[in-house]
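One structure is given here, and the rest of the page talks about it.
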Amino acid sequence: MRIFRDFLVAGSGIAGLTYAIKVAEHGQVALITKDELEESATRYAQGGIAAVMAKDDSYDLHVLDTLTAGRGLCKEDVVRRIIKDGPASVRELIDLGTRFTRSSEKKYHLSREGGHSKDRILHAGDLTGWEIERALVESVRSNPNIEIFTHHMAIDLITKAQLDATVEPGSDADEALGLYVLEESSGEVKTFLGKTILLATGGAGKAYIYTSNPDTATGDGVAMAYRAGAKMANMEFFQFHPTCLFHPRAKSFLISETVRGEGGILRLANGDTFMEAYHPLGCLAPRDVVARAIDHEMKKSGDECVYLDVTHIEGYRSRERFPHIYQTCLSFGFDMTKEPIPVVPAAHYMCGGVAVNIDGQASIHRLFASGEVCNSGLHGANRLASNSLLEGLVLSKHAAAKAVEQAKNSGSIEKLHQQIPDWDSGKAVDSDELVVVSHNWDEVRRLMWNYVGIVRTNKRLYRAQRRIEQLLDEIKEYYWSFNITRDTLELRNIAVTAQLIIQGALLRKESRGLHFNLDYPEADDKNYAKDTVLQDRTKRLITQKGLRPVNHEQL
Ligand SMILES: Cc1cc2nc3c(=O)[nH]c(=O)nc-3n(C[C@H](O)[C@H](O)[C@H](O)COP(=O)(O)OP(=O)(O)OC[C@H]3O[C@@H](n4cnc5c(N)ncnc54)[C@H](O)[C@@H]3O)c2cc1C
């Protein structure tokens, strides 16, 4: 099946939905999303969205806080523009129906998080993301110009370089033309064609065995864009949240940092405290210091987790202050008022991604990326808390304006669309191989956790690189012989994303922000105060007969 719309959007978190609403004022939109419409990291965001709303706050202060967190790698012009557009963009969200918590009839309640010098976090209790997603989804559902394709997974980008041997992939002459998309229920791969394409597919927390991210976060947009030859930036910077509930069924439940803020104490299995050995602020040390300390203690003792203890705080206070956390822990059999909660650090936020400018434009013409999948230069080497929802919101507005402009000048794109072949649907499933798929999933995630996690060394990184390359070969083999499924496609994407994180980490021979390598424990401003850019310019497309020759050496 071939589907043409003016604008193609992959992903339905804050970035995809905001963009879809904006471009729908100018044309027909296909909103493609691989799960239910609401399923996204956005809906699980707890803390809130940062914006300068208070009289005693200023753009300069928010900019300064962001630059400080970013350790020299933020792009200041991008930071300024996103922060300056924050309040107006937040007001648009409110006009759409988002109900943020108020402190009085006239004022919104603003909270403060680590690294912010002022109260500037708008929130909806501790369910901010859920409330934002609800309002955006309602707006999208009632928009006649937006057609929603749920349980449709974008597989690969279709670009001009794949049709025309004279065009270098990812060069200025290259253009994005469409997407091959798998409909999960039927197994059919549809050809979506558009005048512009937005990747808003979110992050890649699923590359690690412990993550706060939902199952959708498998790095699909990064892998698709990389395979198409687009530039990637700063993949080595992955943020780890210090405390996720450790329980086989509680796979992504985050224990907010406010629990430590309110007096929670981290302990080892034998009850000993340890944070005072790592930082003068003890349990209130910055997020990355706490995550590193827990990781170190776990590796030293071989224990599977550490414990967060609030039993010394009066029970009613804990229940009132953290009702959602209290209830969720209780549902897993832990009464936090009576016993310490088992916790582990968890992969939380991908700072790197598809390199884009302030208009969300990637290095391939007509290709845009926004939200966690992109690297705009806002976060640099470390993300300031609550700046990510802000980035998805503001950047998508800029991207929409630019995409509308480009769609008006789409020239001979229809001719190119006519040359695009339909998907060649491969061969039958080998059920034995499907067992291998689940083992490979597990192996990639453990490999990343053990060797490319919070604390890195050259030896561990090289070991991970060797194994991931073998795994990519194995995955490639059965990718060729399988009927593709969401599971196998996600595995391929997570392995490609893992490879990019490893490559980025090996290239950065220093420690900065979220990247910590014991072999180079200091920052090296002279040589590394710059982005790590990765680009694959081999000419290939994974699946089609009739397109350019495939390079079987790499995925
Ligand atoms: C538990 C948790 C708490 C957080 N708290 C905060 C916070 O308080 N403040 C803050 O600013 N940030 C927070 N973050 C980070 C923030 O939520 C995310 O960075 C942000 O929501 C990302 O938005 P997005 O639109 O880019 O991606 P997402 O919201 O993740 O949406 C991605 C979408 O793409 C779809 N998709 C993925 N691959 C494909 C494909 N191949 N084809 C089609 N569709 C696809 C997914 O199904 C999903 O709909 C938190 C994150 C988590 C996990």
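Just the heavy atoms: all of them, side chains too, but no hydrogens, waters or symmetry mates, feed the values below. Counting starts at 1 for both ligands and their atoms, following the listed order.
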Location of contacts on [X] toward ligand 1, heavy atoms closer than 4.0 Å:
X: R383; value: side chain
X: H348; value: side chain
X: A200; value: backbone
X: H152; value: backbone

What about [X]: any of its N or O atoms under 3.5 Å from an N or O on ligand 1?
X: T216; result: no
X: A154; result: yes
X: I14; result: yes
X: S12; result: yes
X: A45; result: no
X: S388; result: yes
X: S212; result: no

What residue and atom, counting heavy atoms only, is the protein's closest point to [atom], and at what distance?
atom: atom 19 (O) of ligand 1; result: E372 OE1, 2.7 Å
atom: atom 25 (O) of ligand 1; result: A15 N, 3.0 Å
atom: atom 37 (C) of ligand 1; result: T201 O, 3.3 Å
atom: atom 49 (O) of ligand 1; result: E39 O, 2.9 Å
atom: atom 27 (O) of ligand 1; result: G202 CA, 3.4 Å
atom: atom 28 (P) of ligand 1; result: A41 N, 3.6 Å
atom: atom 7 (C) of ligand 1; result: G48 O, 3.6 Å
atom: atom 35 (C) of ligand 1; result: G11 CA, 3.6 Å

Q) Checking R2 side chain against H417 main chain: does a donor-acceptor pair fall under 3.5 Å? A) yes
Numbering the atoms of ligand 1 from 1, which are under 4.0 Å from a heavy atom of [X]?
X: Y349; result: 19 (O)
X: M153; result: 41 (N), 42 (N)
X: G371; result: 26 (O)
X: T33; result: 35 (C), 43 (C), 44 (N), 47 (O), 49 (O)
X: D220; result: 38 (N), 39 (C), 40 (C), 41 (N)
X: I32; result: 43 (C), 44 (N)

4.5 Å side-chain heavy-atom contact, [X] and [Y]:
X: W441; Y: D487; result: yes
X: I484; Y: R492; result: no
X: D119; Y: D57; result: no
X: L254; Y: C244; result: yes
X: D359; Y: H398; result: yes

Q) Within a radius of less than 6.0 Å around NZ of K397, do more than 12 heavy atoms belonging to other residues, nucleotides or ligands occur? A) yes
Q | Lys/Arg cation over aromatic Y208: R445, 6.0 Å, 45° cone | A | no
Q | From L17 atom CG to L393 atom CG, the distance as rounded to the nearest 0.5 Å | A | 11.0 Å
Q. OH of Y210 to CD1 of I454: how many Å apart, nearest 0.5 Å?
A. 11.0 Å
Checking side-chain polar atoms at under 3.5 Å, does [X] have a donor or acceptor matched by the opposite partner on [Y]?
X: N234; Y: H515; answer: no
X: H324; Y: Q46; answer: no
X: T485; Y: T488; answer: yes

(Q) Quick test of your reading of the structure: of A10, C374, G47, G219, whose heavy atom lies closest to atom 8 (O) of ligand 1? (A) G47
**Q.** Among L389, T42, T128, I49, closest by any non-hydrogen atom to atom 23 (O) of ligand 1
**A.** T42
Q. Is it true that K22 and E92 have a side-chain N and a carboxylate O under 4.0 angstrom from each other?
A. yes
Q: Apply the test side-chain hydrogen bond (donor to acceptor under 3.5 Å, both in side chains) to residues N493 and T218: give CA-CA distance (whole Å), side-chain angles for both, the deciding distance (0.1 Å), then the verdict.
A: CA-CA 6 Å; N493 291 335; T218 50; 5.4 Å; no
**Q.** Criterion salt bridge (charged side-chain N to carboxylate O under 4.0 Å, His left out) on E490 and K34, from CA distance to verdict
**A.** CA-CA 11 Å; E490 286 183 342; K34 72 176 172 183; 2.8 Å; yes
